Amino acid sequence: MSDEIKIRQVVFYKNYFSDFFNSLGDKIQRKIIWTLLLIEQQKIVPEVYLKHLEGADGLYEIRVQTGSDIYRIFCFFDTGKLIVAVNGFQKKTQKTPPKEIKRALKIKAEYYENK
């Protein structure tokens with residue numbers, strides 16, 4: 001998959017995503033990397049991997065699952081085909097915690113202020 005042409009590019013803003021990523025085990029890190037490559041290389045990304053959040057001001061969630069463990073990484077699109085990944089968390093309930101969405105929106109606002 002890594003030899004394919006990138007349709008879009010995923011970047012990380014500051015250390016919000018990397019702090020989360022580095023706190024995870026090898027197996028989930030590999031699955032996240034696989035998912036990010038899929039998002040960069042597929043013309044149409046299945047909603048199972050990238051989904052728009054309704055009423056969340058342009059936020060999307062990158063969806064990663066390994067076994068019964070579910071992880072979400074918030075992101076948004078910037079100019080062109082750039083996807084900016086911000087914070088991530090392990091999902092433990094059916095509903096995405098509002099505090100996580102609020103944090104992602106705060107980071108998104110910070111990104112645009114500093115751009």
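What you are looking at is a predicted structure, and each value in this text was computed from that prediction instead of being measured. Excluded from the calculations below are hydrogen atoms, water molecules and symmetry mates; all remaining heavy atoms, backbone and side chain alike, are included.
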Working for side chain to side chain contact (heavy atoms under 4.5 Å, CB included), residues Arg103 and Phe74: CA-CA 10 Å; Arg103 180 170 183 238; Phe74 289 114; over 6 Å; no
Arg72 vs Glu61, salt bridge (Lys or Arg N to Asp or Glu O under 4.0 Å): CA-CA, chis, key distance, verdict: CA-CA 6 Å; Arg72 296 292 186 254; Glu61 61 179 9; 3.4 Å; yes
Stepwise salt bridge (Lys or Arg N to Asp or Glu O under 4.0 Å) test for Asp69 and Lys91: CA-CA 8 Å; Asp69 294 329; Lys91 193 168 180 185; over 6 Å; no
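Of the candidates Thr35, Val10, Val86, Ile62, Ile62 is the only one forming a side chain to side chain contact (heavy atoms under 4.5 Å, CB included) with Ile73.
Connection of Leu59 to Val48 is not established within any shared hydrophobic cluster, with ILVMFWY side chains joined at heavy-atom distances below 4.5 Å, either directly or through further cluster members. Linking Ile, Leu, Val, Met, Phe, Trp and Tyr whenever their side-chain heavy atoms come within less than 4.5 Å leaves Phe89 and Leu24 in two separate clusters. Ile39 and Val11 are not part of a single hydrophobic cluster, where members link through side-chain heavy atoms under 4.5 Å apart. The hydrophobic clustering, which links ILVMFWY residues whose side-chain heavy atoms are closer than 4.5 Å, places Ile107 and Phe77 apart. Tracing side-chain contacts under 4.5 Å through hydrophobic residues (I, L, V, M, F, W, Y), one reaches Phe21 starting from Ile83; they form part of the same cluster.
What you find for Val84 and Asp78 is that their closest heavy atoms are CG2-CB, 4.1 Å. Smallest separation of non-hydrogen atoms from Ile7 and Gln41: CD1-O, 3.2 Å. Closest of all the heavy-atom pairs between Val64 and Ile28 is CG1-CD1, 3.6 Å.
Checking Tyr49 against Gln42 by side-chain atom types alone, no donor-acceptor pair falls below 3.5 Å.
Judged by distance alone, the side chain of Lys108 and the main-chain N or O of Phe76 form no donor-acceptor pair under 3.5 Å. A donor-acceptor pair is defined here as one N or O able to donate and one able to accept, closer than 3.5 Å; no such pair exists between the side chain of Gln29 and the backbone of Lys31. Using a distance-only test at 3.5 Å, with no hydrogens or angles considered, a donor-acceptor pair links the side chain of Arg8 to the main chain of Lys43.
Within a 6.0 Å sphere centred on NZ of Lys92, heavy atoms belonging to other residues, nucleotides or ligands number 12 at most. Residue-environment remark: NZ (Lys14) exceeds the threshold of 12 foreign heavy atoms within 6.0 Å.
Note: Lys51 NZ to Leu53 CG = 7.5 Å, rounded to the nearest 0.5 Å.
Contact check on Lys6 versus Glu40 returns a salt bridge, with a Lys/Arg side-chain nitrogen under 4.0 Å from an Asp/Glu carboxylate oxygen.
Using a 4.5 Å heavy-atom threshold, the side chains of Tyr60 and Cys75 count as touching.
Using bins of under 30°, 30° to 60° and over 60° for the plane-to-plane angle, the ring pair Tyr71/Phe20 lands in the tilted bin.
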